[in-house]
Each structure stands twice: as structure tokens, then as C-alpha cells.
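Proteins get letters first, then strands, A, B, ... in listed order; numbering begins at 1 in each.
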Protein chains: 2
Amino acid sequence: MRWGVEKRLEFIEFRLFWEGGINRADIVDQFGVSVPQASKDLTLYEEKAPGNLIYDKSAKRYKAADDFKPVFMQPNASTYLAHLRETNGGASGVTEAWLASAPEHDALPIPHRRVEADVLRDVLKAIREGHSIEVFYQSMSAKKPSPEWRRISPHALGNDGLRWHIRAFCHIDHKFKDFILSRCMKTRKQGLSGASANDDKLWHDRFVVALAPNPALSESQRSIIAQDYEMTNGRTEVMVRKALLYYFLKRLRLDVADKLDNPHEVPVVVANRAAFDAALAEAMA
Amino acid sequence: MRWGVEKRLEFIEFRLFWEGGINRADIVDQFGVSVPQASKDLTLYEEKAPGNLIYDKSAKRYKAADDFKPVFMQPNASTYLAHLRETNGGASGVTEAWLASAPEHDALPIPHRRVEADVLRDVLKAIREGHSIEVFYQSMSAKKPSPEWRRISPHALGNDGLRWHIRAFCHIDHKFKDFILSRCMKTRKQGLSGASANDDKLWHDRFVVALAPNPALSESQRSIIAQDYEMTNGRTEVMVRKALLYYFLKRLRLDVADKLDNPHEVPVVVANRAAFDAALAEAMA
DNA sequence: GATGATGGGTATATAAACTATACGAATTTT
DNA sequence: AAAATTCGTATAGTTTATATACCCATCATC
């Protein structure tokens, strides 16, 4: 079966599962095929996935059968929700509007300067080809009130939950650091790499964070949290790169749990705190 | 031009821009077309976007010209980064692997129970068709140590930055509330809606949060933050639904800024704090 | 400096996919 | 009862893609 046909069948199934029904017109709109072709696609889908399709004459619409069994996709809530989130942001670029009758929804607005496509493209190239590059970077350091050109040897990208960083060797400070992608305004001439990606110990080393339900919670609440995090024996372990450990602490509000927050707002605490603090100190050095 | 052809040209352009080069083999792998067809596609691309394509005989690979000008897509860093993030999570479902030579990357792991696809599907249906539904829900309330069936009339989905909520009228408490999607284990019989979506005042009302650079920062740092957030006159305004206001506070760590964090970790503070607190109190009532 | 492997281009005949157009049937709206 | 909508399907013709074949350039290896 050709790629285009396969995609259309996948689309039919996606709509059936997530939105409950589909039309010839939906297919025509999405793929720009003719009406007879859309008919054929629906017939073909019925052939490949017998019993999934029921035509509701009254609604003039195909509906998913009660015992609907997907064959062209694995229904995955995360995927659907990711699509939904993209819908929000607008400007989708490559992605299609697979979601027609999306529910009303909203995500927390995270205000931020946007990343320049050309900058990202050049950084990706430097990572791929293993060379250094100069970025016109706005540091937060008090000594550097205006942006300046800095040579870096990038080797990876990291996301701290709110924004993306470039993980790179800094040719000025002679060590590996994070550079916030949105603070890179321009790039210019490439050069030789200043360090091997393998030498970035904090990036490659991971610390195993042990999380346990907040002891300030009642026993029944703790057991709920244990289920929520799919814990075994009241523990769950999360591998976190040492370079991301600090952000992990902040994002999950693990630092304020016992001080400020209502216990039920901080569901989990770090169980191996001593080791965690040691690893964090190492990462911050 | 047919949809399939268009997609392949878009793919060629995507790879050229973000990964710097493309091969016949890439097209064959991605779309399952024959080798001669991939050749024709590349020729066609050159026709439609003259000058973008340069064949590097030595690397045996088409490369993007220096003055590459995309015609089939708008290069958008957010889109690329969203793709990258999906790569991390695995289990992509519908999305394709447009990224071949993705850079090394990692996102902060956010541990959580996964959402059941069937539950989400049923909730979406209830929202779409405007009826109520029973969910087997694990509340955090101390009075309800084990999950129980609750009838809700959902009307929207909300994301607090870490997880998705159902925004719904609760038939037990007779008010609109958030239900954490991953804590809904099962669903069962539909019923009549208990309230109109329009009556959810906290969902529809938005509060305009005024953000300003943290005054604890130096002047030069404040101006950097102002650029970062694309502020005008040292202010930026963010519209936040009152139902999400509390999460906004927590997620941006606006509550701990002055108490716990190093100023340069909390770049912005709320400028209209009195009004903010009033709106928050209203939302929490 | 011949040899083979690899990656690209192209020609031909054939097959599959798709369009345009047309017409008929079932159902709902007016 | 008439009009509109949505489906299905048939026909003839076009476009797209395949399979197969053969040629060319570059590069690594012997």
C-alpha cells in the first residue's frame, strides 16, 4: 500500500477513535483528494478493519463502533494531548491539523522570547559536525550588561521544563556550561571544537533521585501518591542528568516542600536527600 | 500537486533546513517510494525552489545552499523543538520521525502516571456532546482514601504545565472543579449535563498578570529580562484564566521569589500584586 | 591506476492511484 | 413535496509511481 493511502487510513482511524466519527468531506479537506477517492478510502478502511465503521444515516456520518479496535495506530493519550498543546501555540509549521473538533482547552502561558530559527539551525549544525561557533549571547552575569560574542563548542540540547539550553564548552570560562537558547541572538563563524562531548561529565553522569510521598500527608494520601507515580514499596526512582539536577529540584518544587507549600501541593519529596545534596553541590561547583 | 508529492517536497525542505542535507535514501526510507521516484522528487524540488539544492559529490549528499530560502514551510524553532521533545518520550503514535540526525538532547523527566486512552476518549466525547459522565476518581481529600465513582459534566481540558486537568462541574459538590486526568481510572454511563459550560466563571474569566523584572536584580540585568520577555516599558502582560492562576503562581515560582530563591533564578515578579492576590483569593474560594 | 562499492540520473513499459463527471439512493430540512 | 446533503458507484482518461535496465562520477582499496 502506498504511503498516501496508509496515511489516509491512519487519519480515518485517528478521527474515529478520538473524535468519534468521520466524513468524506473530512478526508477531502485534509488531503485534497476527490470525493470518489474519499469514498474508496472509507470502503478500504472497512475492508482492512472490519466492524470498526458504522454509518449513521441520521447523522450522515461514520461513527466508531462500540467494539472499535484500532489497527493502524496505537491510541496514546500523550500523543493526543501533545497535539492538543500544539493547537494552542498556533504556528505549527509541519504538523497537520489532525484535530477537528478539539475540546475547549488551555495551557498555562509561559512567557518567553522566541528562539530564532537560524540560530537554532546553526547550533544544530555545530553539534552535528562537532565544531565550535560564536554566539552573540546575553549573559545574566552582572559584569556583562550587554550581549557579546562568545565562542562555544555545543554538543547537546537540554530542556529544563520551561526552556531549552545549549549544553556547550565555553571557550571563555574553559568549562562546560548551559546557554539559554533564546538568549542567543546571532551566530557567526565556525571554528575548531574546544572540547570533546565526552568530557562533559555533568551531562553524562546521572543521579538516581529516589522520590517518596510527602510524609506530611496522611497515610491514605501517601498511598494515592504512590499510585500516581507508580511507585513500588513507596519509592520511585528517576534518573536525572547531573547537569539538569538543579532544574529538577526547582521545577518539582522539591526545595520548598517542607517550608512553604501545603503538603498536598508537593506530593513527593526526595528520599535520598543527603546523596541528592551532594550530587547537586557537585553539579553547581 | 498531489498531497503525497507536496509532503515529500516539504520533507526535503525540512531536512535541508534543519539537518543541512538529504539523500535519495532518506526519501525512500521515509515514504517507501522507489529510488527513481526519489530522484524525480529531488529534481522537482530543484524546479520549485531553484538554487536551494547543491549536490556535494564528495559527501554524496544534497546540501542546503548558503542562501537557502524555504518555500514549502516556515522554519519555526518551536516546531523543531517540539519534535525533539517528542523524540524523547518515545511512543509517538501518529507523528513521523522527521528528525534523522537529531542532536543529543534530554528533557527534565516529569514522573507521572500515564493517562488511559479510553478514559480520555470518553471524556472528550462527553465534552463534545455536552453530557455528564461518571469517572472512577482518586481524590486527594483525606475523607476519600480510595477511588470512587463521581459524576461530572466536563467542558474543557486544562494544562498546568505538569499535567492535564479536566475542567468540569462536579455533581457531588455542585460546583466547577479540576479533575486530574491521570487520576481518572475508568469511566461509565453517560447522563444529562449538570451545568452549562458558560457558567464556569473561573474558567472563562481571565486575569491580566503584569510581570516586571525582579527589582532585586541589577539595572542591567533587569533590562536583559525585559528583552527576554519582550517587555515594553519594563512590563509584560499575560492573560491567565482565573482557574489556572494558582498554577501560574506555583509554576513560575512567583510565590517564593522574594523568600527563597536567588534573584537571578526568579527573573520576573508580579507587578500588580494586590489585584493578583484578590483574583487568586476569588479563584480559590 | 584498475576494481568495486556507492550514490545519483534517466529511459521505457506497465501498473496503480486518482480525477472529473455523471447518476442514483437514502435521509433530513424547508 | 421539493431542495439539500451525503453517500455509493461507474466510466474514461490522466497522473503518479514501479520495476528494470543501463550509464556516470566519486571514493576507498588493493
Lys NZ or Arg CZ of R241(B) over W203(B) ring: under 6.0 Å, within 45°: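 Output yes; distance and angle both within limits.
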
Validation row: L157(B), D106(A) side chains within 4.5 angstrom (heavy atoms):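 SC-SC contact between L157(B) and D106(A) ruled out.
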
Consider only side-chain N and O atoms of [X] and [Y], and report whether a donor and an acceptor are under 3.5 Å apart.
X: Y137(B); Y: E148(B); result: no
X: S153(B); Y: H171(B); result: yes
X: S182(B); Y: R114(B); result: no
X: Q30(A); Y: D26(A); result: no
X: H165(A); Y: D160(A); result: yes

To the nearest angstrom, how far is [X] atom [atom1] from [N] atom [atom2]?
X: D56(A); N: dC7(D); atom1: CG; atom2: C1'; result: 13 Å
X: L42(B); N: dG8(C); atom1: CG; atom2: P; result: 8 Å
X: R61(B); N: dT26(D); atom1: CZ; atom2: P; result: 19 Å
X: I27(B); N: dA17(D); atom1: CD1; atom2: P; result: 12 Å
X: F31(B); N: dT16(D); atom1: CZ; atom2: P; result: 16 Å
X: W3(B); N: dT16(D); atom1: CH2; atom2: P; result: 15 Å
X: K63(A); N: dT6(D); atom1: NZ; atom2: P; result: 14 Å
X: M1(B); N: dA17(D); atom1: CE; atom2: P; result: 11 Å

Worked check of side chain to side chain donor-acceptor pair (under 3.5 Å) between Y62(B) and N23(B): CA-CA 6 Å; Y62(B) 283 94; N23(B) 252 350; over 6 Å; no

Aromatic ring proximity, centroids under 6.0 angstrom, F31(B) and F11(B):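 Yes, close enough.
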
F169(B)/H155(B) aromatic ring centres below 6.0 Å: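 Not under 6.0 Å, so no.
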
Qualifying salt bridge (Lys or Arg N to Asp or Glu O under 4.0 Å) pairs, either residue in residues 119-128 of chain B, two or more places apart: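 Checked against salt bridge (Lys or Arg N to Asp or Glu O under 4.0 Å) - neighbours excluded - the pairs reaching residues 119-128 of chain B are D118(B)-R121(B).
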
Within residues 16-26 of chain B: residues closer than 4.0 Å to DNA chain C (heavy atoms):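 Heavy-atom contacts with DNA chain C come from N23(B), R24(B).
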
Base versus backbone protein contacts along nucleotides 18-30 of chain C [heavy-atom cut-off under 4.0 Å; B, S, -]: BB-B----SBS--

Any residue of residues 46-54 of chain A with a heavy atom less than 4.0 Å from an atom of DNA chain D: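 The stretch gives none, as no residue of it lies under 4.0 Å from the strand.
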
dT9(D) phosphate, OP1 or OP2, under 4.0 Å from S39(A) side-chain N/O: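 Checking dT9(D) against S39(A), no side-chain N or O comes under 4.0 Å of OP1 or OP2.
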
Five-pair end axes of the helix from dG1(C)-dC30(D) to dT30(C)-dA1(D), angle between them (10°):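 Between the first-five-pair axis and the last-five-pair axis there is 40°.
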
Intermediate values then yes/no, ring pair (Phe, Tyr, Trp, His ring centres under 6.0 Å), F14(A) and H83(A): CA-CA 12 Å; F14(A) 183 92; H83(A) 277 249; 5.8 Å; yes

Those residues that, when tested against A117(A), pass side-chain contact (heavy atoms from CB on, under 4.5 Å) (two or more places apart):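 A117(A): side-chain contact (heavy atoms from CB on, under 4.5 Å) contacts with F17(B), W18(B), P75(B).
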
Over all atoms of both residues, closest heavy-atom pair of Y55(B) and R61(B):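 The pair with the smallest heavy-atom distance is CE1-N, 3.4 Å.
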
